[in-house]
Amino acid sequence: MAIIRAPRGTIDVFPEEPKIWIQLEQTVRSVCHSAGYTEIRTPIFEHTELFTRGVGESTDIVEKEMYTFRDKGDRSITLRPEGTAPVVRAYLEHKMWAAPQPVKVYYIGPMFRYERPQMGRLRQHTQFGVEALGSSSPALDAEVISLLISVYQSMGLEEFTVRLNSIGCPECRPRYKETLVKLLSKHLDELCIDCKSRLERNPLRVLDCKNERCAVFAKKLPPFFDYLCGDCKEHFKGVTTYLEALRLSYELDPTIVRGLDYYTKTVFEVMHSGLGAQNVLGGGGRYDGLAEELGGVPTPAVGFAAGIERAVQVLQNLANDKSYENNGRTGVFIITIGDEARLKAIHLTHLLRKHGVPADIDYLGRSLRAQMKYADKQGIQTVAIIGEDELKGGYAVVRDMVTGEQTQIEFDNLVEALR
RNA sequence: GUAGGUGUAGCUCAACGGUGAGAGCGCUGGACUGUGGCUCCAGAGGUUGCGGGUUCAAAUCCCGUCAUCUACCCCA
């Protein structure tokens with residue numbers, strides 16, 4: 001019978017193996033806590049409507065990437081493809097606009113998108129993100145950006161760049177779109193097929209087309225900065241001012257447009273080169289219209305989302321380059337010869353564990369030699385040997401697996417000596 | 001959805017259309033009655049992804065299918 005494998009685009013993670021995964025999660029938590037963000041855990045699935053309305057009907061996510069199904073109550077349910085809409089939903093549902101503002105939360109959890117897997121892209125992946133709701137201050141935009149950077153820096157990552165842009169608001173964006181369409185329709189023949197359709201559906205997308213000819217073209221287009229309304233212009237200036245106050249370096253990049261409809265004003269991405277064709281570690285922006293779009297009280301907000309797997313991939317390469325040490329031996333392994341010694345060892349193992357000392361014994365009835373070998377490969381720090389002589393004498397031979405030094409320690413003192 | 005690459009031992013990979021499909025690493029045991037790392041020896045482990053076709057003969061060639069990787073679209 002054929003073995004059952006993990007579904008396409010999913011992976012089994014062993015977060016303790018290289019430890020990076022766990023370190024990253026801990027870093028996210030501590031960085032967020034230090035800035036007054038508390039954790040939120042929203043459901044893995046939501047009503048489909050939350051995403052069609054929140055993320056946008058014409059986005060790729062909604063059009064072709066959602067895991068949507070009908071449950072037994074005939075409700076249309078969708079595995080969450082992103083984290084912002086659910087957080088805003090929770091904010092409105094729990095009337096958190098009545099709490100002191102801003103409300104600042106962070107999350108770590110799986111997201112689902114039906115895509116063709118490739119490097120840096122999975123059908124189930126993990127994102128960490130923050131959302132700060134209830135303030136339109138550009139200082140909050142800067143804070144959110146600084147948090148993301150802090151996470152990477154705390155993990156020892158340096159070679160990334162922060163790209164910043166503003167995509168305006170419902171007042172000035174239509175004007176910019178119009179001029180784009182006007183300019184581009186003069187050169188329809190020079191655009192790729194995709195961009196021709198983009199021109200009708202979402203002209204901003206032409207800006208970040210990877211097609212070389214389009215990219216050359218996009219660079220000649222006037223940047224959105226020039227078309228921002230007074231309010232947006234001022235906000236954007238505020239963001240850059242605060243970023244500079246935070247001593248954070250960034251690049252203005254008019255081609256950053258983001259793929260979700262809810263963004264307004266500030267958008268940003270953190271780029272890294274070690275991700276294959278993907279180059280985005282994380283990104284986000286302001287979404288001042290989302291709460292209202294979801295039927296709630298108008299609430300200005302900013303946030304970001306970043307990929308754990310992508311960060312781990314980059315950090316893994318970094319760790320390999322540094323060829324990090326493997327001297328982390330820990331724990332005790334009790335080696336026994338004979339059934340009686342084994343009984344003794346089981347009791348001692350239990351005691352050690354109760355005192356917080358990682359302890360283990362052989363479960364395969366192996367020879368002393370083989371048990372030594374096993375303990376060595378497991379990265380055990382100390383072995384305690386119990387055979388006939390030791391049983392009679394009431395002690396164990398304790399061997400340090402690094403130095404090779406051996407001493408005799410009485411059973412009664414063993415836990416104390418090894419803790 | 002589209003394009004290309006790859007599927008042989010647990011892992012990394014060999015094998016011109018022709019003997020019983022091999023190696024290294026790993027695993028298990030031994031050399032060493034009770035002492036790991038080094039060395040040596042032995043053993044276990046395969047439906048050559050699956051199905052069909054061509055052929056005297058297929059891991060090898062052809063078709064299909066599935067999986068996987070990479071890339072496009074787009075994103076984390």
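What you see is a predicted model, and the numbers here were worked out from it, not measured in a lab. Letters A, B, ... mirror the listed sequences (proteins, then strands); counts begin at 1.
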TODO: Show the numbers, then the answer: is there a side-chain hydrogen bond (donor to acceptor under 3.5 Å, both in side chains) between A:Glu49 and A:Ser76?
DONE: CA-CA 8 Å; A:Glu49 190 187 1; A:Ser76 181; over 6 Å; no

Task: Step-by-step side-chain contact (heavy atoms from CB on, under 4.5 Å) determination, A:Leu275 to A:Met119 - done: CA-CA 7 Å; A:Leu275 292 164; A:Met119 191 185 285; 6.0 Å; no

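Using atom P as the reference point in both B:A42 and B:U6, the two lie 36 Å apart (nearest Å). The gap from the C1' atom of B:C62 to that of B:G22 amounts to 27 Å, rounded to the nearest Å. Here, B:G49 and B:A31 have their P atoms 40 Å apart, quoted to the whole Å. Separation of the P atoms belonging to B:G7 and B:G36 is 41 Å when rounded to the nearest angstrom. Atom name C1', nucleotides B:G45 and B:C25: the rounded distance is 14 Å, in whole Å. B:A59 and B:G51 have their C1' atoms separated by 16 Å, given to the nearest Å. Across the C1' atoms, B:A14 and B:G24 are found 10 Å apart, a figure rounded to whole Å. Rounded to whole Å, the separation between the C1' atoms of B:U12 and B:C27 comes to 16 Å.
Position along RNA chain B of the nearest nucleotide to A:Gly9 versus A:Val257 favours A:Gly9 as the more 5'-ward residue. Heavy-atom distances to RNA chain B give each of A:Gly282 and A:Ile11 a nearest nucleotide, and the one nearer the 5′ end belongs to A:Ile11.
Between the CG atom of A:Asp208 and the P atom of B:C72 there is a distance of 13 Å, given to the nearest Å. One atom, CD1 of A:Ile4, and another, C1' of B:U68, lie 18 Å apart when rounded to the nearest Å. In this structure, the CG atom of A:Asn279 is 14 Å from the C1' atom of B:A71, given to the nearest Å. If you take CZ of A:Arg5 and C1' of B:C66, they are 10 Å apart, rounded to a whole angstrom. For the pair A:Phe160 CZ and B:A76 C1', the computed distance is 16 Å after rounding to whole Å. The nearest whole Å value for the distance from the CG atom in A:Leu122 to the C1' atom in B:C69 is 12 Å. For the pair A:Asp60 CG and B:G1 P, the computed distance is 15 Å after rounding to whole Å. Across the protein-nucleic acid pair, A:Phe268 atom CZ and B:A76 atom C1' stand 13 Å apart, rounded to whole Å.
Between A:Tyr374 and A:Phe333, the ring centre distance stays below 6.0 Å. A:Phe128 and A:Tyr106 have their aromatic ring centers separated by at least 6.0 angstrom.
At the heavy-atom level, A:Gly120 lies under 4.0 Å from base atoms of the strands shown. Contacts of A:Ile61 with the nucleic acid, taken as non-hydrogen atoms under 4.0 Å apart, are absent. Counting non-hydrogen atoms under 4.0 angstrom, A:Gln278 reaches a base of the nucleic acid. Within the 4.0 angstrom heavy-atom criterion, no nucleotide atom of any strand lies near A:Ala375.
Side-chain contact, A:Thr42 with A:Arg80: a donor N or O sits under 3.5 Å from an acceptor N or O. A:Asp400 and A:Gln381 share a donor-acceptor pair across their side chains, judged by distance under 3.5 Å alone. No donor-acceptor contact under 3.5 angstrom links the side chains of A:Glu131 and A:Tyr91, judged on distance only. Side-chain atoms of A:Arg399 and A:Gln406 include a donor-acceptor pair closer than 3.5 Å.
Between A:Phe224 and A:Tyr176, the ring planes are parallel. Angles under 30° get that label, and only those over 60° would be called perpendicular.
The residues A:Glu251 and A:Arg163 are annotated as salt-bridged, a charged nitrogen and a carboxylate oxygen being separated by less than 4.0 angstrom.
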TODO: Report, as a single string ordered 5' to 3', how protein heavy atoms within less than 4.0 Å touch nucleotides 4-11 of chain B: B base, S sugar-phosphate only, - not at all.
DONE: --------

- [ ] At under 4.0 Å between heavy atoms, which parts of nucleotides 33-46 of chain B does protein reach? Answer with one letter per nucleotide, 5' to 3': B base, S sugar-phosphate only, - none.
- [x] -BBBB---------

Name each donor-acceptor pair under 3.5 Å that joins a side chain in residues 141-157 of chain A to protein atoms two or more places apart or in another chain, with its distance.
| unit_1 | atom_1 | unit_2 | atom_2 | d |
| --- | --- | --- | --- | --- |
| A:Asp141 | OD1 | A:Arg286 | NE | 3.0 |
| A:Asp141 | OD1 | A:Arg286 | NH2 | 2.7 |
| A:Asp141 | OD2 | A:His235 | NE2 | 2.9 |
| A:Asp141 | OD2 | A:Thr266 | OG1 | 2.6 |
| A:Asp141 | OD2 | A:Arg286 | NE | 3.1 |
| A:Glu143 | OE2 | A:Tyr37 | OH | 2.7 |
| A:Glu143 | OE2 | A:Lys104 | NZ | 2.8 |
| A:Ser146 | OG | A:Glu143 | O | 2.7 |
| A:Ser150 | OG | A:Ser146 | O | 2.8 |
| A:Ser154 | OG | A:Ser150 | O | 2.7 |

Donor-acceptor pairs under 3.5 Å, side chain of residues 408-419 of chain A to any protein atom, not counting sequence neighbours: which ones?
none

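Annotation: ring pair (Phe, Tyr, Trp, His ring centres under 6.0 Å) contacts of A:Tyr67 (sequence neighbours excluded): A:Tyr114.
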Open item on the list: Counting Watson-Crick and G-U wobble pairs with both distances under 3.5 Å, what is the dot-bracket string for RNA chain B, 5' to 3', using [ ] for crossing pairs and | for pairs to another strand?
Closed with: (((((((..((((....[...)))).(((((.......))))).....(((((..]....))))))))))))....

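Contact of A:Glu115 with B:A76 (side chain to base): a donor-acceptor pair of N or O atoms is detected under 3.5 Å.
Listed pair A:Gln118 / B:U70 fails the phosphate criterion, with no side-chain N or O lying under 4.0 Å from OP1 or OP2. Taking only side-chain nitrogens and oxygens, A:Arg366 comes nearer than 4.0 Å to OP1 or OP2 of B:U28.
A donor-acceptor contact shorter than 3.5 Å links the side chain of A:Arg353 to the backbone of A:Ala359.
Distances were taken from every side-chain heavy atom of A:Arg113 (C-beta onward) to each of B:A76, B:U68, B:G29; the shortest belongs to B:A76.
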